[in-house]
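Presented below is the structure to which this report refers.
Residue numbers start at 1 and run along the sequence shown. Bear in mind that the values here come from a model prediction, so they are computed numbers and not experimental data. Whatever order the structure lists ligands and atoms in, that order sets their numbers, starting from 1.
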Amino acid sequence: MCGTCGCGQPETSNSRVIQIEQDIMADNKHHATRNRAYFAKHHIFTMNLVSSPGSGKTTLLEYSLPLLMKQFPVAVIEGDQHTEHDAQRIAKAGAKVTQINTGKVCHLDAHGIGHAVLDLDVADNSVLFIENVGNLVCPALFDLGENKRVVLVSVTEGDDKPIKYADMFVGADLLLINKMDLLPYVNFSVERCIDYAKQVNPTIETLCITANQADGLTPWLDWLRQQYCAIDETLTA
Ligand code: MG
């Protein structure tokens with residue numbers, strides 16, 4: 001049940017629900033635009049990581065950060081409804097990190113991200129990861145001002161996630177299919193998952209990875225470095 005998406009308000013009239021939703025989305029758009037301008041001014045390349053709970057977002061960061069920090073300043077904003085467990089894991093990996101606990105709310109919003117970026121004092125030219133709350137529905141609605149949205153699906157989930165939760169995939173730049181080491185043991189078709197993703201978003205890029213194995217991360221790290229350089233060239237042009 002979400003405290004801002006309107007899904008928990010059975011006593012409210014339809015017109016009032018619509019007005020509240022419009023106000024929330026307009027406010028979020030305003031803050032997302034401000035965030036995007038801030039990121040551009042400070043050359044901060046920002047990725048919004050989204051997925052179901054347990055798809056491997058935090059593990060992906062734990063294994064990627066030590067490799068990336070050799071090349072770029074890196075910072076992480078963690079989003080969960082409760083606990084600082086993920087921020088503690090990221091801190092152990094050596095990155096600058098802050099945790100946002102959303103309570104009953106099932107997504108991060110642009111206003112909260114703006115404050116977190118200032119609190120973290122994210123360095124110019126950084127790569128900034130935002131790990132969203134595990135949820136394939138509500139985070140799709142909330143632009144955070146990021147440069148790229150990256151959605152993870154693990155092979156232990158259904159391969160039809162892209163078509164069941166299409167909004168999340170329509171707005172994504174990259175689909176990471178994770179836990180490829182488990183593929184022989186589960187009923188998951190990589191081809192079908194990619195086909196569904198392309199049906200809802202023909203331009204989405206797709207990569208297969210195993211987040212907790214160094215050589216399984218190579219396609220993702222190569223993609224990220226290319227995107228960072230492309231953004232940097234755009235900003236300095
Ligand atoms: Mg996590």
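- For E131, the nearest N, O or S atom to the Mg ion (ligand 1) falls under 2.8 Å.
- Using modelled atom types, one finds no donor on one side chain facing an acceptor on the other under 3.5 Å when comparing T59 with N212.
- We find the CG-CD1 distance between L108 and I113 to be 4.5 Å, quoted to the nearest 0.5 Å.
- Using a cut-off of 2.8 Å, one finds that E78 contributes no N/O/S atom close to the Mg ion (ligand 1).
- Residues N201 and T203 bring a donor and an acceptor atom of their side chains to less than 3.5 Å of each other.
- Centred on the Mg ion (ligand 1), the angle running from D86 (OD2) to T58 (OG1) is recorded as 90°, rounding to 10°.
- Side-chain contact, T98 with E78: no donor N or O sits under 3.5 Å from an acceptor N or O.
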